[in-house]
Visitor: 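Structure provided below as structure tokens; questions to follow.
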Protein chains: 2
Amino acid sequence: MLPSSTVENYLKAIYLGEGYLAEGQRLMPMGQLAAALGVAPGTATTMVKALAESGLVEYEPYNGVRLSAAGEKLAALVLRRHRLIELFLVRVMGLGWDEVHDEAEQLEHHVSDRLIERIDEMLGRPEVDPHGDPIPGADGRVARHESDTLLTCPLGERVTVTRVTDQEAPFLRFIEQHHLMPGESIEVEARDEVSDSVRLKGRGNQRMTIGMRAASKVRVSASDASSRG
Amino acid sequence: MLPSSTVENYLKAIYLGEGYLAEGQRLMPMGQLAAALGVAPGTATTMVKALAESGLVEYEPYNGVRLSAAGEKLAALVLRRHRLIELFLVRVMGLGWDEVHDEAEQLEHHVSDRLIERIDEMLGRPEVDPHGDPIPGADGRVARHESDTLLTCPLGERVTVTRVTDQEAPFLRFIEQHHLMPGESIEVEARDEVSDSVRLKGRGNQRMTIGMRAASKVRVSASDASSRG
DNA sequence: GACCAAATTTTGAATGTCCAAAATTAAAGC
DNA sequence: GCTTTAATTTTGGACATTCAAAATTTGGTC
């Protein structure tokens, strides 16, 4: 029995919600899951119990839920479809990177393996989507390499934007307008806890100041010296 | 409230099932509808009553069902999406015309207006899909021009294939292999009721004989003299 | 005009997904 | 250790979609 859209969405939400606790015992609280999916808490409980029945998750009542190996693979494949579709919509269909998320959210559940393979081939087996998010392989494996954000990277060093971890259209448009998209080279000049802000030197040494919440959503890596002229 | 995939499929089935009775009072029998959708008869009855409630169809108990104006428009738009997607998959994605129907069957319910508009634009606002089926406009209007089939066209005259009205992959592959795809020029040499067969002269005057059922699924129009030399 | 077969509708029930509100449990403070 | 609060689960119910099987209607036939 192939998983419904709903099941795929639950698995994806758990998969994506796993960036918040130490290794090993990482369990997603039910409340967080319900909130992520926009359903009532009771609904999530019912659904998660069903998912546990079919072996896709491990459920610890009152504690939370975690993906099983099978569930994790399935979730990765959903994400693979999502991200390939996003990249396809931007590169081939010419849509804006701020408008492809919702479309992909729908299509990810209804595109055949055959078509996804065609898309992957047509795009040259890409490794990241337009937001810099890694695209899992057809086997469900992902190359996760840890990286800093604008909140954690060293001050006064040139870094390259690798990833923008917020899919909201207004935020993405802000990023685009300020030349903070993946690939751009920038530098963090200063951070100030009190004013909750981060000062940046961007393209053409243009200065800008953004809030810490926003800064935490921009991932960067040290600009590789070998990549410059 | 936007229509579910199920509702769209019911409307589409009624729309497509309307090629069998005289004008005006054309009603689709419930049994035929149920068969087209692959559901039990009782299921179709229940659903059609609900559709009648929401004004998408007119339902005459024990007689059958017909689309309302609203229902017809909606059905046409579903078909528009379906056919644009099919053409897109063939022309842009390079899939075979025998493998795009099922894919489109899924995607037609989940593609946004925005993306459909992009596809339409990218394909140059096409009028027919890969099978020669007309693509309704964004307003739901279709240019229906009547045409013959290989069963009804004049004998011994050159005609051009315009449309193949069976989406089954094996049939489409047969058509492709025998050069009977839309655009090909052919001639019906003879028909024989007793042997239930039709003899054709195809590309390069290649002879072939096909059954009457198959012949009825290939639509043709008189080859326009102005389109030669 | 009664009867039969075929088509159709009704009935009763199942599944998947959801909610609101009540009941329960866990955690934290005193 | 009791109590309050927050999180979670349970309960009872809704809605859309489906089925199988029983009941009904319709359209002929004799």
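None of the values given here were measured: they were computed from a predicted structure. The figures here come from the full heavy-atom set of this structure, side chains too, leaving out hydrogens, waters and symmetry mates. In what follows, chains carry the letters A, B, and so on, assigned in the order in which the sequence lines appear, proteins first and then strands, with residues in each chain numbered from 1.
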Visitor: Between dT18(D), dT9(D), dT26(D), which nucleotide gets closest to the side-chain atoms of Y62(B)?
Guide: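 Nearest to the side chain of Y62(B) among the choices is dT26(D).
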Visitor: Considering only side-chain heavy atoms of V39(B), which listed nucleotide, dT17(D), dT9(D), dT18(D), is closest?
Guide: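 Looking only at side-chain atoms, V39(B) lies closest to dT18(D).
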Visitor: H109(A) has an atom NE2; how far is it from atom P of dG16(C), in whole Å?
Guide: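 Whole-Å distance recorded here is 18 Å.
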Visitor: Inspect the contact between E176(B) and R173(B) and indicate whether a charged nitrogen and a carboxylate oxygen are less than 4.0 angstrom apart.
Guide: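 Judged by the 4.0 Å cut-off on N to carboxylate O distance, R173(B) and E176(B) do not form a salt bridge.
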Visitor: Flag the pair E193(B) / M212(B) as yes when at least one side-chain heavy-atom distance between them is below 4.5 Å, and no otherwise.
Guide: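 SC-SC contact between E193(B) and M212(B) confirmed.
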Visitor: More 5' along DNA chain C: P61(A) or S5(A), using each one's nearest nucleotide?
Guide: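 Its nearest nucleotide lies further toward 5', so the answer is S5(A).
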Visitor: For residues 38-90 of chain A, pull every pair meeting ring-ring contact (aromatic ring centres under 6.0 Å, His included), keeping only residues two or more places apart or in separate chains.
Guide: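 Sorted pair list: H82(A)-H101(A).
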Visitor: Show every salt bridge (Lys or Arg N to Asp or Glu O under 4.0 Å) that has at least one partner inside residues 32-59 of chain A, sequence neighbours left out.
Guide: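 Of all non-adjacent pairs touching residues 32-59 of chain A, those that pass salt bridge (Lys or Arg N to Asp or Glu O under 4.0 Å) are E58(A)-R66(A).
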Visitor: Given atom CE of M30(B) and atom P of dC19(D), what is their separation to the nearest angstrom?
Guide: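 Rounded to whole Å, this separation is 13 Å.
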Visitor: dT18(D) phosphate, OP1 or OP2: any side-chain N/O from Y10(B) under 4.0 angstrom?
Guide: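 Affirmative; the distance criterion is met.
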Visitor: Heavy atom of residues 40-58 of chain B under 4.0 Å from DNA chain D: which residues?
Guide: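 Output list: A40(B), T43(B), M47(B).
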Visitor: Measure the distance from CG on L2(A) to P on dT15(C) and round it to the nearest whole Å.
Guide: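 It is 18 Å, rounded to the nearest whole Å.
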Visitor: Starting from C1' on dT8(D), measure out to CG on L27(A) and report it in whole angstrom.
Guide: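 That distance rounds to 14 Å.
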Visitor: Starting from P on dT8(D), measure out to CG on N63(A) and report it in whole angstrom.
Guide: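 So the two atoms are 9 Å apart, to the nearest Å.
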Visitor: Check the distance between dT9(C)'s C1' and E60(B)'s CD and give it to me in whole angstrom.
Guide: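 Rounded to whole Å, this separation is 16 Å.
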Visitor: Base, sugar-phosphate, or nothing for G38(A), non-hydrogen atoms under 4.0 angstrom?
Guide: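 Sugar-phosphate, backbone atoms only, no base.
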Visitor: Specify the separation, in whole Å, of atom CE of M1(B) and atom P of dC15(D).
Guide: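 Going from CE in M1(B) over to P in dC15(D) covers 12 Å.
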Visitor: Between R91(B) and E86(B), does any side-chain N to carboxylate O distance fall below 4.0 Å?
Guide: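 Judged by the 4.0 Å cut-off on N to carboxylate O distance, R91(B) and E86(B) do not form a salt bridge.
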Visitor: Could you point out which residue of R83(B), Q167(B), R219(B) forms a side-chain hydrogen bond (donor to acceptor under 3.5 Å, both in side chains) with H131(B)?
Guide: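 Answer after filtering R83(B), Q167(B), R219(B): Q167(B).
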Visitor: Regarding R81(B) and E8(B), does a basic nitrogen lie under 4.0 Å from an acidic carboxylate oxygen?
Guide: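 So R81(B) pairs with E8(B) through a salt bridge.
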Visitor: For the pair made of CD in E8(B) and P in dA16(D), what is the distance, rounded to whole Å?
Guide: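 The answer, rounded to whole Å, is 16 Å.
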